Amino acid sequence: MEIELKNNHQGGGLKRLKCSVQNYDWGKKGTEGSEVARLYELNSGSDIELEKKKPFAEFWMGTHGSGPSFVVEGGVENGDSIGSGIMSLKEWICKNPNVLGDKVLDKWGCDLPFLFKNSWRPVMWTSGVASPSSEVLSVAKALSIQAHPDKELAKVLNKLHPNLYKDDNHKPEMALAVTEFEALCSFISLEELKSVLRDVPEIVELVGSAEVNKLLQISEHGHEEKVKSGLRSAFTQLMSASKEMTAEVISNLKGRLYTESKIRQLTGKEQLVLQLEKQYPADIGVVSAFFLNYVKLNPGEALYIGANEPHAYLYGECIECMATSDNVVRAGLTPKNLDIQALCSMLTYKQGFPEILKGFPLSPYITRYLPPFDEFEVDRCILPRGAATVFPAIPGPSIFLLTAGEGKMCTESSKDVVMEGDVLFAPANTEISVSTTSELHLYRAGVNSRFFQIL
């Protein structure tokens with residue numbers, strides 16, 4: 001297909017991006033039909049057949065040094081993924097800072113404040129749970145129990161361990177479900193926690209009866225700081241248990257649940273714990289799942305996570321957006337470096353089920369998701385055959401990802417024929433009209449619109 005790029009002068013029109021991929025071991029192999037691998041191959045414009053035995057986990061769009069995007073000047077012709085020239089998006093922005101808009105430039109300097117991702121999360125099947133389409137899911141390992149530091153802690157960690165924490169920024173994030181999506185996130189309520197402590201005797205073995213009794217004796221209307229203090233103490237005791245005790249207790253837990261499954265239906269959380277144990281035997285993260293909310297998203301629903309909040313993504317495909325950072329503090333369900341004490345000390349210990357964003361309509365075809373973070377927002381555009389829509393000009397930059405279909409994206413100074421796998425950068429103050437002769441699926445990441453409304 002011919003690709004039109006009518007305006008390539010500095011800072012003008014839309015810019016095509018070639019983006020990076022992360023081959024984390026929990027991803028889906030390219031040979032098994034990975035959606036991330038498909039988008040990466042389409043975006044790169046080259047055959048990745050030799051790479052397809054690798055797992056493809058995340059497709060990164062942005063300026064972070066661990067997975068930078070590149071601006072393609074001169075278009076993409078005859079399978080040439082480079083065109084007439086290529087430079088990193090960060091370098092190009094530094095040469096054309098006006099593309100960020102004045103307010104973004106003043107706040108964050110010569111860089112994008114957000115990182116955009118298309119991510120595949122592995123399947124966590126449990127008996128009695130319906131199976132989503134095999135086209136986008138594969139059996140693999142769950143992600144770690146983790147949290148992302150706030151800015152103050154990120155600076156400390158980056159200074160102390162720059163090889164592990166490669167930047168000094170915080171990392172609030174949002175996951176927008178493309179398929180059915182499951183996660184563990186934030187601590188369960190005090191009422192639920194008391195029920196867990198009564199029903200799961202293995203936790204008492206790890207935490208100790210004294211810590212458990214303190215929590216059981218707290219009133220439902222008890223002082224918030226007292227509740228947090230009790231939860232912090234119990235969770236830290238749990239996560240700090242010795243490997244030997246952890247292995248023994250998890251073995252007992254596994255045996256008990258298998259026995260009870262013969263006489264009653266296990267809860268969803270119990271089934272999940274057994275699946276986690278299969279993937280990470282004798283890992284304390286298996287037991288910690290009882291402390292966290294088990295969240296299930298339908299396609300088109302989103303979950304946002306602030307700094308210092310525990311979470312683990314379990315399965316499904318999602319669009320992710322976050323502040324430009326890759327800082328992760330891990331404490332379980334991973335062979336990677338663990339920093340249990342850092343994680344336990346940094347958590348907020350807020351309790352309750354997280355807010356699920358369903359988005360709100362900007363137009364008949366565009367839904368916006370607004371988390372409570374300045375750095376980013378996400379728009380989801382499902383454009384039916386023959387339809388057209390407009391993304392109004394905004395005072396900050398945007399990145400667009402096309403995941404299905406083809407169409408045209410036009411600005412005052414450029415006209416682009418676009419198709420699945422294309423990623424485009426839009427400068428600030430650019431109105432974009434989109435049309436399609438087939439159904440088009442398009443996602444946009446940009447600076448949170450509330451940021452521009454603050455006086």
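Note that the structure is a prediction, hence the values are computed from the model and not measured.
Between Lys155 and Asp168, none of the side-chain N atoms (NZ, or NE/NH1/NH2) sits under 4.0 Å from a carboxylate O, so this pair counts as no salt bridge. Salt bridge annotation for Arg385-Glu439: absent, with no cationic side-chain nitrogen under 4.0 angstrom from a carboxylate oxygen. Using a cutoff of 4.0 Å between basic side-chain nitrogens and carboxylate oxygens, Glu377 and Arg368 are scored as salt-bridged. No salt bridge links Glu41 with Arg38; every basic N to acidic carboxylate O contact stays at or beyond 4.0 Å. Between Lys90 and Asp111 there is a salt bridge, with a side-chain nitrogen of the basic residue lying less than 4.0 Å from a carboxylate oxygen of the acidic one.
One distance of note links CG of Asp339 with CE of Met346; it measures 9.0 Å at 0.5 Å rounding. In this structure, Glu173 CD and His311 NE2 are separated by 4.0 Å, a value rounded to the nearest 0.5 Å.
Of the possible donor and acceptor atoms, none in the side chain of Asn327 sits under 3.5 Å from a partner among the backbone N and O of Pro149. Counting only distance, with no hydrogens or angles, the side chain of Lys408 and the backbone of Val418 share no donor-acceptor pair below 3.5 Å. A distance-only check finds a donor-acceptor pair linking the side chain of His64 to the backbone of Ser66 [under 3.5 Å]. Panel note: side chain Asp167, backbone Asp326; a donor-acceptor pair is recorded below 3.5 Å. Using modelled atom types, one side-chain atom of Gln351 and one backbone atom of Ile188 make a donor-acceptor pair closer than 3.5 Å. Side-chain atoms of Asp422 do not come within 3.5 Å of backbone N or O of Leu402 as any donor-acceptor pair. Judged purely by atom type and a 3.5 angstrom limit, Asn96 has no side-chain atom pairing as donor or acceptor with the backbone of Val99.
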Indicate every side-chain donor-acceptor pair of residues 353-362 with a distance under 3.5 Å to a residue at least two apart or in another chain.
unit_1	atom_1	unit_2	atom_2	d
Glu355	OE1	Tyr304	OH	2.6
Lys358	NZ	Glu301	OE2	2.5

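Put simply, the residue from Leu112, Leu105, Leu89 that forms a side chain to side chain contact (heavy atoms under 4.5 Å, CB included) with Pro397 is Leu112.
Annotation: cation-pi geometry satisfied between Lys103 and Phe451 (NZ/CZ under 6.0 angstrom from ring centroid, within 45° of ring axis). Judged by the 6.0 Å distance and 45° axis criteria, Lys336 is positioned over the aromatic ring of Tyr24.
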Could you walk me through whether Trp60 and Phe116 pass the ring pair (Phe, Tyr, Trp, His ring centres under 6.0 Å) test, one step at a time? CA-CA 6 Å; Trp60 284 26; Phe116 201 22; over 10 Å; no
Asp374/Asn448 under side-chain hydrogen bond (donor to acceptor under 3.5 Å, both in side chains): CA gap, chis, key distance, verdict: CA-CA 5 Å; Asp374 285 348; Asn448 196 306; over 6 Å; no
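Here the two rings, on Phe400 and Tyr443, have centers that are 6.0 Å apart or farther.
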